Amino acid sequence: MDELEAIKVTFFQECEELLADLEGGLLAMQDGNDDGDTVNAVFRAVHSIKGGAGAFGLEPLVRFAHVFETLLDAVRSNEVPATPDLVVTLLRASDVLADHVSSARGLGVVDEAVSAAMAAELKACTDPNAAPAPAAVVEAPVFEAAPVAAPAEALIGADDALDDDDLGFDFQPMTITIDEQAADVAAAAGNVWTVSIRPKSDLYRKANETALLLRELARLGPIEATLDASAIPPLDMLDAEAAYATWTVRLETEEDETAIREVFEFVDGDCDLEITRGEGLTPDAALAALLAGDAPAAVEAAPAVVAEAPAPVVVVEAAPEPVAVAPVVEAAPAPVAAPIAPAAPVAASAPAAAPAAKAQQIDVPGPGQSVIRVDPERIDRLIDLVGELVINQAMLAQRVGEYGIAPSSNLAMGLDELEQLTREIQDSVMAIRAQPVKSVFQRMPRLVREVASMTGKQARLVMDGENTEVDKTVIERLSDPITHMLRNAIDHGLESPEERKAAGKNPEGVVKLAALHRSGRIVIEVSDDGKGINRERVHSIAIKKGLISPELQLTDEEIDNLIFLPGFSTADKISDVSGRGVGMDVVKRSVQALGGRISITSRPGQGSTFTLSLPLTLAVLDGMVVDVAGETLVVPLAAIVESLRPKPEEVRPLGPVGSVLAVRDSFVPLIDVGLTLGYREASPPPTEGVVLLVEGEDGSRAALVADAIHGQRQVVIKSLEQNYQQVDGVAAATILGDGRVALILDVDAVISLRRREPPRPVEPTLIAAE
Amino acid sequence: MPQASSISVLVVDDQLTMRALIRNALQQIGFKDIREAPDGEEALKNLLAKPANLVISDFNMPKMDGLALLRAVRSHPPIRQTAFVMLTGRADRELVQRAVQFGVNNYCVKPFTVQGLRDKIEQVFGQLT
């Protein structure tokens, strides 16, 4: 029984995937892609959910899935046209189906009325003529009897009454014995292989030798090698170093193809190799022979295929010469090539085979291929351990340095190697935990549908970059901010359909959700094509609520970002969707806690864009270790453009306190990190220190002044918030090789801290203190 | 009377759950050599690399469906006599008829029990021990 429980867990996991496929397929249909493959994939998803649910006796789920499936079957066979309206209905039905799955899993309840109404609607779509008035449905839910649900201990259904007669025609099962099958396999020379070897000149140039390859092959079993010397030119035209000869080898072996391939491991690329099961004839030759109308030897060896159709199984009247049908109708090279190249005929003889391109896209590894399901906790543990290993390795390296051991010594070189390996281990381990953001994104279309219908807006979600990978720890934290940004975009960003029409826009608004990698971070953008931020109103509200001082001069960008201030809400009426409780300030704070940033840009009448950026992982960081006023700090390497020692003539004063650095042909503000973070009262001349030229998230540059650079190091991030509290200008902390704690600088925050300093007469309160 | 443990089986279904359930049932019947494939294409590759005595296949699968797999199996001499049991829904009567045309050994209507599946297999190989 435990095993069945385990399978049930698998089933629910699979349901998640199937529901995602279902929604993905329906969205593709919505975009006008209603080819047979897509519709069939949609059907299959529901069909599979129903099938599995039946096995576990999940009745309500089976019943709803059955109604859904029936409609999809009708769509699949073109009995019901896939109109845009229908697809919208199907999408809503998929939401209800998802609810049923969650409910069956014990994670929530299904609203029976909604489910019944939806089922009725689906039935009405399936058979419009027989459609009952939907109102009547609520009283008497139109559920078909469940197609046999079963208790979990029975396998798939518990009904023994199901027999062949159910399908209403005569059929005698065809018997077969294992011996008959074995004879076939033996007759088809299962252990005979044909290996064709065409060496290239490079093979000989690399001092390899065909004779050696043949000798190796002979170790696998008896061989018969035939030399084809027909390509060798006359002596006067012969290039002594070129390869002309080819060999065809008949090999009898119990080994499999891999073993044969291994023989050629060292000449990979230097020789054309074809390994085929059975006697003679390469696929090329077989095809050529077929085109020429010959009956090639391979076919004679397997007469069943083309000629007589000698009843491969014990023939019963109901099955008249079953075999001959397929190949003859196809008239494809399949039969001939069959015994030789298994891969080729597959496509040819499979009319239902999906296009190759699609097959590649959904390249789900099957069983037998190396996919392991691992408890995530084990991976987390591994990552923690690797983090400790990194720290330990750094400490060791530092100790060795302190003992004055020469960098060229064996010990130091061994340590270098250790560092390299540690880093590789770390990268590999992190890669295990990296996941595409798809898992978060795929929950969003439903959210958009629901929010849109709740607010009376029309919205279409466009997603981009779903396959962008990011560490699992980050993925888990993406959901909330994305949900908020999307809700905000629809609720506050998009206009009502009437307003949009009046403004000459498509009544249906477009909300775009995109993920991308940018300078070592993951960036999530949520943009809408709505009305944009009403800056005047935002500004006046902020003043009215006492969030900013009325005299404060703000740029457009700064006004836009006022919406992140605590206690700010522009909604005239508090809507159910995004106005109550959690505001954007909470989102901003939770994002900052992860070392992330969130901002908004807006163009009046054209829409707004939320930009959220987070580190790719919350576990490690490449950083530059620097000294500032006796403190050790880590500057994220991703932010550093270059480091330099400023010359006196490059430093120019700007205003009463500030100064800028001339870097080639541009000026960059100089920021003394020690002063900004409050480590010292007065800055030493920048020329005495080192300058790190950094670039912020928004592309703005600054020159950070430090006293000295210690070097580049990978550090393990320890959250400062979790262990202490948030500090402006500091992203997190880490433990250095010598065991000391060092702060990791938040470059953007340092730049903006600096901007808000002295040169401004009024003290702005853009970011509320603490 | 063949021994179930001496019969090799390839289970073909695009659904992991179904494969697991069928494998579970086969194990209860006494089968030991059980392989799986997620679609017809993989199944055919698998069979050509190493034949099986029995294929239990779903019908509706991506890439290559059960019917195409059946036809392909029947047209490859070394494996053409592989016993083929098609799993099918009740509604797929036409499908079964086509499968019969292409030489299916037996079919099994979903949902089914362990005993039901055993009966279907025994109708092909004789009583299992």
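Throughout, protein chains are lettered first and strands after them, A, B, ... in sequence-line order, and every chain is numbered starting at 1. All of these numbers come straight from a predicted model, not from anything done at the bench.
Across all non-hydrogen atoms, the minimal contact from A/E14 to B/D14 is OE2-O, 3.9 Å. What you find for B/T17 and A/F11 is that their closest heavy atoms are OG1-CA, 3.2 Å.
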Using the side chain to side chain contact (heavy atoms under 4.5 Å, CB included) rule, take B/Q15 and A/L18 through it: C-alpha gap first, then chi angles, then the decisive distance, then the call.
CA-CA 9 Å; B/Q15 234 189 318; A/L18 290 167; 3.9 Å; yes
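Distance check, rounded to the nearest 0.5 Å: CE of A/M174 to CG of B/N106 gives 9.0 Å. Between A/T177 atom OG1 and B/F125 atom CZ the span is 8.5 Å, to the nearest 0.5 Å. Rounded to the nearest 0.5 angstrom, A/S48 OG and B/M61 CE are separated by 11.0 Å. The structure places OG1 of A/T175 at 13.5 Å from CD of B/E122, a figure rounded to the nearest 0.5 Å. Atom OG1 in B/T82 sits 8.5 Å away from atom CD1 in A/I176 (nearest 0.5 Å). The line from CZ of B/R23 to CD1 of A/I7 is 10.0 Å long, rounded to the nearest 0.5 Å.
More than 12 heavy atoms of other shown residues, nucleotides or ligands fall within 6.0 angstrom of atom CZ in A/R105.
At a 4.5 Å heavy-atom cutoff, the contact between B/Q27 and chain A is made by side-chain atoms alone. Proximity to chain A involves both the backbone and the side chain of B/S6, based on heavy atoms less than 4.5 angstrom apart. Neither the backbone nor the side chain of A/F12 comes within less than 4.5 Å of any heavy atom of chain B.
A distance-only check finds a donor-acceptor pair linking the side chain of A/Q181 to the backbone of B/N53 [under 3.5 Å].
Ranking A/D73, A/N40, A/D256 against chain B, the residue ahead of the rest is A/N40, based on heavy-atom pairs under 4.5 Å.
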